[in-house]
Novice: 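Before I ask anything, here is the structure I am working with.
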Amino acid sequence: DGCGHTVLGPESGTLASINYPQTSPNSTVCEWEIRVKPGQRVQLKFGDFDIDDSDSCHSSYLRVHNGIGPTRTEIGKYCGFGFQVDGLITSKSNEVTVQFMSGTHTSGRGFLAAYSTTDKSDLITCLDNASHFSEPEFNKYCPAGCVIPFADISGTIPHGYRDSSSLCMAGIHAGVVSNTLGGQINVVISKGIPYYEGSLANNVTSKAGPLSTSLFTFKTSGCYGTLGMESGVIPDSQITASSILEWSDQTGQVNIWKPDNARLKRVGPPWAAFISDEHQWLQIDLNKEKRITGIITTGSTLAEYYYYVSAYRILYSDDAQKWTVYREPGMDKDKIFQGNTELYQEVRNNFIPPIIARFFRINPLKWHQKIAMKVELLGCQFSIGRAPKITMPPPPPQNKNDDFSDDFIHSVKTSLQTDKTTFTPEIKNTTVTPSVTKDVALAAVLVPVLVMVFTTLILILVCAWHWRNRKKKSEGTYDLPYWDRAGWWKGMKQFLPTKSAEHEETPVRYSSSEISHLRPREVPTMLQTESAEYAQPLVGGIVGTLHQRSTFKPEEGKEASYADLDPYNSPIQEVYHAYAEPLPITGPEYATPIIMDMSSHPSTPLGVPSISTFKAAGNQVPPLVGTYNKLLSRTDSTSSAQALYDTPKGQLGPGATDELVYQVPQSVAHSTGNKDE
């Protein structure tokens, strides 16, 4: 009379003292005889141990034996308040006897323990929760019998369970392990959520729970999709029933609660049987074999019709002629599924192992007022081979008045059911990233290598491009001699934008008549606004004609040949110097055009024509040809044909030796404007 919660499965189980976790009564005793398959051994793990040791384990204790019966041998005798048993207690054979003795005592909860075969090295008990483990992901083995009234869980799938929930009880609620068989769970820890919903599933009620720091979910097979009742994939013609409720309401309207109304979440009435008895059924044709892993049911969902089914059986078939009642492996009784407790709530039940069939029947056994329900099936396509199916011989003819079980049910024995589907579904969680395959691991290595290779090639190409550009610059049209590269910046100033629009450079414009009075060697290449020490290189078409000759002045004293030459007295040569010739000794060293606003020179005589500041030779210069024709094409056609430059103030000739001050170049347009004033 000292036995408490007990479930002894073929490979694992759970046992507890009477009244656990309350104080066990005095003078009680209980013995559990545990057997597993021959050749295997048993391991025992305590989840809680609290037995009075006031008399040194004389009257209250727990004793474990190898074997069963009079030949058994003692493994150990245990007692103590809050006693901690290190590790697992392992037997030497496939049989173990556990004896609990409770003498006279005033306190002590007793004990709760779990057992399994020794190949389950990661065995835990029904009392373990996620907070007992620090790993973000881990695998554990849950024993059978973890639906216990003194453990709580909060949450549901797919959102997850509160970290204070019992791992194994939550696994049963989620449908990843069976309370009858136990099984392996793969747990993933993640950040908690503010609120945990409650639900009823697999005879386990999950309560609503508050915020927690973490939660856990289970990796599952992923075979939990809907099979088409709610969505309409299953047509109405494939949903049939034993009878249909048809009646007229007070207004005279006829109401027919047909089988195709039994679609979950469909607005309106459900399917209801005309007669409420244990012989009624709702049948669904899936059109081909499917792997069915669960079912969700509700009541009528109509407040004025408080109808629902509270318990039912499941039958399945491949031809709709021979039916098999669902049983759990190792069990010799049909499994009775808990249904609804009210008309609205969705209640889920899972099939472990899953059902593989085309035709599916629900046989209500208990109901409230009338048989009425809406359903949805869970599962996935069945694409892998399965074990051969043993066909039962056809039943003898039966009377229509016979009992329902003789009418159409043929329950198979445990061995046949076990041979059909004995495997536990593979564990995986659809809410987390799937496990990495070999292909993913290979890609994880190849992708970084390819990225590095392409990056290296791009860097090489960029470096080559920069090197090529630098080489082109060093060999450009205006390449300087090595002794004069320090003056490069002076020559480049003219190509850079000025600091403001008021100082913007404006090239001097020539008229064809003025150019005709100049010698080809005396035409300036480019005029600039700010004073420069040396003339700047030509731009545009002239550049190509000069064959990359620089116009920068060489350093003083480097080449005597340039300084000794008198470019104005020597005859015209066909080959030009690489540098611009200086102006006569009597004038400024180099001509510098000055461009200023005309309003700043009010003293300029209105009638005096503009005269070029460039020295003119005494003889007549032939018209420009060749290179200078390109310059003519660059003159502004809107400018006056008489654009001239003034001579230094106080001088009418170019030969003055005193300090010279140049006037602003004046165009005819300006002169005309002055005359009009």
Novice: Kindly state each residue pair satisfying ring-ring contact (aromatic ring centres under 6.0 Å, His included) with at least one member in residues 122-153, sequence neighbours excluded.
Specialist: Y20-F150, F133-F138
Novice: Just by distance, with hydrogens left out, do S116 and E11 show a side-chain donor and acceptor under 3.5 Å apart?
Specialist: no
Novice: Scan for disulfide (SG to SG under 2.5 Å) pairs involving residues 169-204, sequence neighbours excluded, and state none if there are none.
Specialist: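 Matches after skipping sequence neighbours: none remain.
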Novice: What do you reckon, C126 and C146 SGs under 2.5 Å?
Specialist: yes
Novice: Suppose we screen for side chain to side chain contact (heavy atoms under 4.5 Å, CB included). Which residues come up paired with N349, at least two apart in sequence or across chains?
Specialist: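 Partners of N349 by the side chain to side chain contact (heavy atoms under 4.5 Å, CB included) criterion, ordered by chain and then number, come out as N202, I295, Y312, F337, V347.
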Novice: Is it the case that the side chain of N186 and the backbone of K219 share a donor-acceptor pair, with hydrogens and angles ignored and the cut-off at 3.5 Å?
Specialist: no
Novice: Just one of D319, D318, D285 clears the side-chain hydrogen bond (donor to acceptor under 3.5 Å, both in side chains) bar with R358, so which one?
Specialist: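 The passing option is D285.
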Novice: For E346 and S199, run side-chain hydrogen bond (donor to acceptor under 3.5 Å, both in side chains): C-alpha distance rounded to whole Å, both residues' side-chain angles, the deciding distance at 0.1 Å, then the answer.
Specialist: CA-CA 8 Å; E346 295 182 4; S199 64; over 6 Å; no
Novice: Identify the heavy atoms of L282 and A262 that sit nearest to each other, and give their distance.
Specialist: CD2-CB, 3.8 Å
Novice: Might you confirm whether atom CD of Q250 has over 12 heavy atoms from other residues, nucleotides or ligands at distances under 6.0 Å?
Specialist: no
Novice: For F111 together with F100, are the ring centres under 6.0 Å from each other?
Specialist: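 They qualify: ring centres under 6.0 Å apart.
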Novice: Donor-acceptor check, side chain of S102 to backbone of S24, threshold 3.5 angstrom: yes or no?
Specialist: no
Novice: E246: which residues meet the salt bridge (charged side-chain N to carboxylate O under 4.0 Å, His left out) condition with it, sequence neighbours left out?
Specialist: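 Expected list: none.
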Novice: Under 3.5 Å, is there a donor-acceptor pair linking the side chains of D163 and S214?
Specialist: yes
Novice: Verify whether one side chain among W367 and S310 offers a donor that lies under 3.5 Å from an acceptor in the other.
Specialist: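 Judged by distance alone, the side chains do not pair up.
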Novice: Answer yes if the ring centres of W257 and Y305 are under 6.0 angstrom apart, and no otherwise.
Specialist: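 Close enough - the centres of the two rings lie under 6.0 Å apart.
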Novice: Would the distance check show the side chain of S12 and the main-chain N or O of A144 forming a donor-acceptor pair, the cut-off being under 3.5 Å?
Specialist: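 Side chain of S12 to backbone of A144: a pair is present.
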Novice: Are any of the side-chain heavy atoms of T6 and W32 separated by less than 4.5 Å?
Specialist: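 When only atoms from C-beta onward are counted, W32 and T6 do touch, with a gap below 4.5 Å.
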Novice: Less than 4.0 Å between a side-chain N and a carboxylate O, is that true for K140 and D122?
Specialist: no
Novice: To the nearest 0.5 Å, how far apart are NE2 in H173 and CG in N350?
Specialist: 9.5 Å
Novice: With distance as the sole test, does E135 use its side chain to make a donor-acceptor pair with the main-chain N or O of E137 at under 3.5 Å?
Specialist: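 No; zero donor-acceptor contacts below 3.5 Å.
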Novice: Is there side-chain contact between V375 and M229, with heavy atoms separated by less than 4.5 Å?
Specialist: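 Touching, per the 4.5 Å side-chain cut-off.
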Novice: If you look at every heavy atom in F216 and A130, which pair is closest and at what distance?
Specialist: CD2-CB, 3.4 Å
Novice: Parallel, tilted or perpendicular, judged at 30° and 60°: which one describes the rings of F351 and Y326?
Specialist: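 Correct class here is tilted.
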Novice: Under 3.5 Å, side chain of T293 to main-chain N/O of C223, donor-acceptor pair present?
Specialist: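 Looks like yes, one N/O pair under 3.5 Å.
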Novice: So, Q184 side chain and K120 main chain: donor-acceptor pair closer than 3.5 Å or not?
Specialist: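 Such a contact is absent between Q184 side chain and K120 backbone.
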Novice: Has D50 got a side-chain atom pairing as donor or acceptor with R109's backbone, closer than 3.5 angstrom?
Specialist: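 Indeed, once roles are kept as given, a pair shorter than 3.5 Å links the two residues.
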Novice: Hey, could you give me the CD1/CG distance between I292 and L377, rounded to the nearest 0.5 Å?
Specialist: 6.0 Å
Novice: How many angstroms lie between CG in L8 and OG1 in T180, if you round to the nearest 0.5 Å?
Specialist: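 The OG1 atom of T180 is 12.0 Å from CG of L8, to the nearest 0.5 Å.
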Novice: Please give me the minimum heavy-atom distance between L302 and G268, naming the atom from each residue.
Specialist: CD2-O, 4.0 Å
Novice: Determine whether the side chains of Q280 and S243 contain a donor N or O and an acceptor N or O closer than 3.5 Å.
Specialist: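 A donor-acceptor contact under 3.5 Å links the two side chains.
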Novice: I'd like to know if the side chain of R263 pairs up with that of N261 as donor and acceptor (distance under 3.5 Å, no hydrogens or angles considered).
Specialist: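 Their side chains do not contain a donor-acceptor pair, so the 3.5 Å distance test is not met.
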Novice: Taking side chain as C-beta onward, heavy atoms only, is T125 less than 4.5 Å from T14?
Specialist: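 A side-chain contact is absent here, since even the closest heavy-atom pair is not under 4.5 Å.
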Novice: Taking only residues two or more places apart in sequence, or in another chain, which ones meet A311 in a side chain to side chain contact (heavy atoms under 4.5 Å, CB included)?
Specialist: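 With neighbours one apart ignored, the set is I336, K366.
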Novice: Distance only, no hydrogens: is a donor on one side chain within 3.5 Å (strictly under) of an acceptor on the other, for E328 and S178?
Specialist: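 Checked: E328/S178 side chains pair up, N/O donor to acceptor below 3.5 Å.
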Novice: Does a sphere of radius 6.0 Å around CZ in R41 hold more than 12 heavy atoms from other residues, nucleotides or ligands, not counting ones at 6.0 Å or beyond?
Specialist: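 Atom CZ in R41 is not crowded, with 12 or fewer foreign heavy atoms closer than 6.0 Å.
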Novice: Side chains of T297 and N340 only: does a donor on one sit below 3.5 Å from an acceptor on the other?
Specialist: yes
Novice: With rounding to the nearest 0.5 Å, note down the distance linking CG in L264 to OG in S231.
Specialist: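 So the CG of L264 and the OG of S231 are separated by 11.0 Å.
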Novice: Return yes if some donor-acceptor pair links the side-chain N/O of K370 with the main-chain N/O of S276 below 3.5 Å, else return no.
Specialist: no
Novice: Quick one: pull up CD1 in I371 and CG in D277 and give me the separation to the nearest 0.5 Å.
Specialist: 6.0 Å
Novice: Check salt bridge (charged side-chain N to carboxylate O under 4.0 Å, His left out) between E197 and all other residues, then give those that pass, not counting sequence neighbours.
Specialist: none
Novice: Nearest 0.5 Å please: distance from the CD1 atom of I51 over to the CZ atom of F49.
Specialist: 3.5 Å
Novice: Is atom CZ of F46 surrounded by more than 12 heavy atoms (other residues, nucleotides or ligands) closer than 6.0 Å?
Specialist: yes
Novice: Under a 3.5 Å distance rule, please check whether N94 uses its side chain to pair with a backbone N or O of V42 as donor and acceptor.
Specialist: no
Novice: Just checking, any donor-acceptor pair under 3.5 angstrom between side chains of Y196 and S212?
Specialist: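 Judged by distance alone, the side chains do pair up.
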Novice: Can you tell me how the ring of Y306 sits relative to the ring of Y308, calling it parallel under 30°, perpendicular over 60° and tilted otherwise?
Specialist: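 Geometry flag for Y308 against Y306: perpendicular rings.
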Novice: Show the nearest heavy-atom pair for residues E376 and E230, with the distance to one decimal.
Specialist: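 Scanning both residues completely, I find the closest heavy atoms to be OE2-N, 2.8 Å.
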Novice: Look at the side chain of R266 and the backbone N and O of D260, then say whether any donor-acceptor pair between them is shorter than 3.5 Å.
Specialist: yes
Novice: Are any non-hydrogen side-chain atoms of S300 and L343 less than 4.5 angstrom apart?
Specialist: yes
